[in-house]
Amino acid sequence: MTKQEFDLPPKASPDVIAQRNALADQVCHALARAGIPVHRIVLGGESEDRPGAEVHVDPLADGGVLVEWNTGAELTAAALNIPPGELDPSNLPYAIRHYETVHTCMRAALLGILASARFHVEEADGHTYGTAVHVKGFMP
């Protein structure tokens with residue numbers, strides 16, 4: 001049997017990580033000023049599972065500052081704890097549809113709020129980051 005070897009993606013330099021951390025702090029401040037509950041997740045940390053915006057730094061070279069929306073525990077549990085055998089993709093349960101709608105709407109709101117606060121933002125790669133917002137920088 002042959003051994004599979006995988007190339008790990010390159011990590012960002014310590015200087016880049018420091019710049020991203022400073023940007024993440026600015027993002028947290030801007031969201032808090034707008035009245036959005038915001039939680040900063042430190043490098044390598046776990047999600048706090050609290051409702052609101054969650055800001056974290058992706059350490060990969062092509063990563064960046066990401067903002068994800070966390071719904072409340074009740075909605076999250078209702079949407080994610082449905083047994084797979086009970087899922088019909090053509091007719092998803094209300095809890096899943098509502099959960100997805102909340103995430104879509106909050107991503108749009110976060111994009112608008114952060115753009116208004118002069119951040120350069122875009123939708124993150126959905127395959128890699130789901131419904132996250134990618135903060136590319138700050139425009140003074």
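The shown structure was predicted, so the numbers you read here are calculated from the model rather than taken from an experiment.
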Practice item. Grab the two heavy atoms, one from Tyr129 and one from Ala124, that are nearest each other, plus how far apart they are. Key: CB-CB, 3.8 Å
Practice item. Could you please spell out the steps behind the side-chain contact (heavy atoms from CB on, under 4.5 Å) verdict for Phe119 and Gln26? Key: CA-CA 9 Å; Phe119 289 92; Gln26 290 177 307; 3.9 Å; yes
Review point. What ring pair (Phe, Tyr, Trp, His ring centres under 6.0 Å) pairs are there with at least one residue in residues 77-102, not counting sequence neighbours?
Key: Tyr94-His98, Tyr99-His103
Check your understanding: Got a second to check how far Ile36's CD1 is from Ile113's CD1, nearest 0.5 Å?
Key -> 4.0 Å
Check your understanding: Quick one: CG on Asn91 to CZ on Arg97, what's the gap to the nearest 0.5 Å?
Key -> 6.5 Å
Exercise for review: Determine, stepwise, if the pair Arg40 / Asp25 fulfils side-chain contact (heavy atoms from CB on, under 4.5 Å).
Suggested key: CA-CA 8 Å; Arg40 177 72 193 279; Asp25 290 342; 2.5 Å; yes
Exercise for review: Compare all side-chain heavy atoms of Glu122 with those of Val135 and state whether any distance is below 4.5 angstrom.
Suggested key: no
Review point. Looking at residues at least two apart in the chain, or sitting in another chain, which of them share a side-chain contact (heavy atoms from CB on, under 4.5 Å) with Pro51?
Key: none
Exercise for review: Give, for atom OG1 of Thr128 and atom CG of Asp58, the distance between the pair rounded to the nearest 0.5 Å.
Suggested key: 9.0 Å
**Study point:** Nearest-0.5 Å distance that lies between atom CZ in Arg118 and atom CE in Met139
**Key:** 9.0 Å
**Study point:** Heavy atoms of other groups near Arg33 CZ, more than 12 under 6.0 Å
**Key:** no
Point to revise | Any residue meeting side-chain contact (heavy atoms from CB on, under 4.5 Å) with Ala95, in chain and number order, not counting sequence neighbours | key: Ala78
Check your understanding: Shared ILVMFWY cluster between Val57 and Leu60, side chains joined below 4.5 angstrom?
Key -> no
**Study point:** Residues forming a side-chain contact (heavy atoms from CB on, under 4.5 Å) with Leu111, sequence neighbours excluded
**Key:** Arg107, Val121, Glu123, Val133
Point to revise | Distance in Å, His120 NE2 paired with Leu23 CG, rounded so as to fall on 0.5 Å steps | key: 11.0 Å
Review point. Are Ile17 and Val55 connected in the hydrophobic side-chain network, where two residues link if heavy atoms are under 4.5 Å apart?
Key: yes
**Study point:** Residue pair Ser90 / Asp88, side-chain donor-acceptor N/O under 3.5 Å
**Key:** yes
Check your understanding: His56: what forms a side-chain contact (heavy atoms from CB on, under 4.5 Å) with it, not counting sequence neighbours?
Key -> Ile41, Leu66, Glu68
Revision key, fill the gap. Note: Val16 and Ala12 closest approach over all heavy atoms is CG1-CB, 3.7 Å
Exercise for review: With sequence neighbours left out, write down each residue that passes side-chain hydrogen bond (donor to acceptor under 3.5 Å, both in side chains) with Thr76, or none if nothing qualifies.
Suggested key: Thr71
Check your understanding: In Å and rounded to the nearest 0.5 Å, what is the CH2 to CG distance from Trp69 to Leu110?
Key -> 6.5 Å
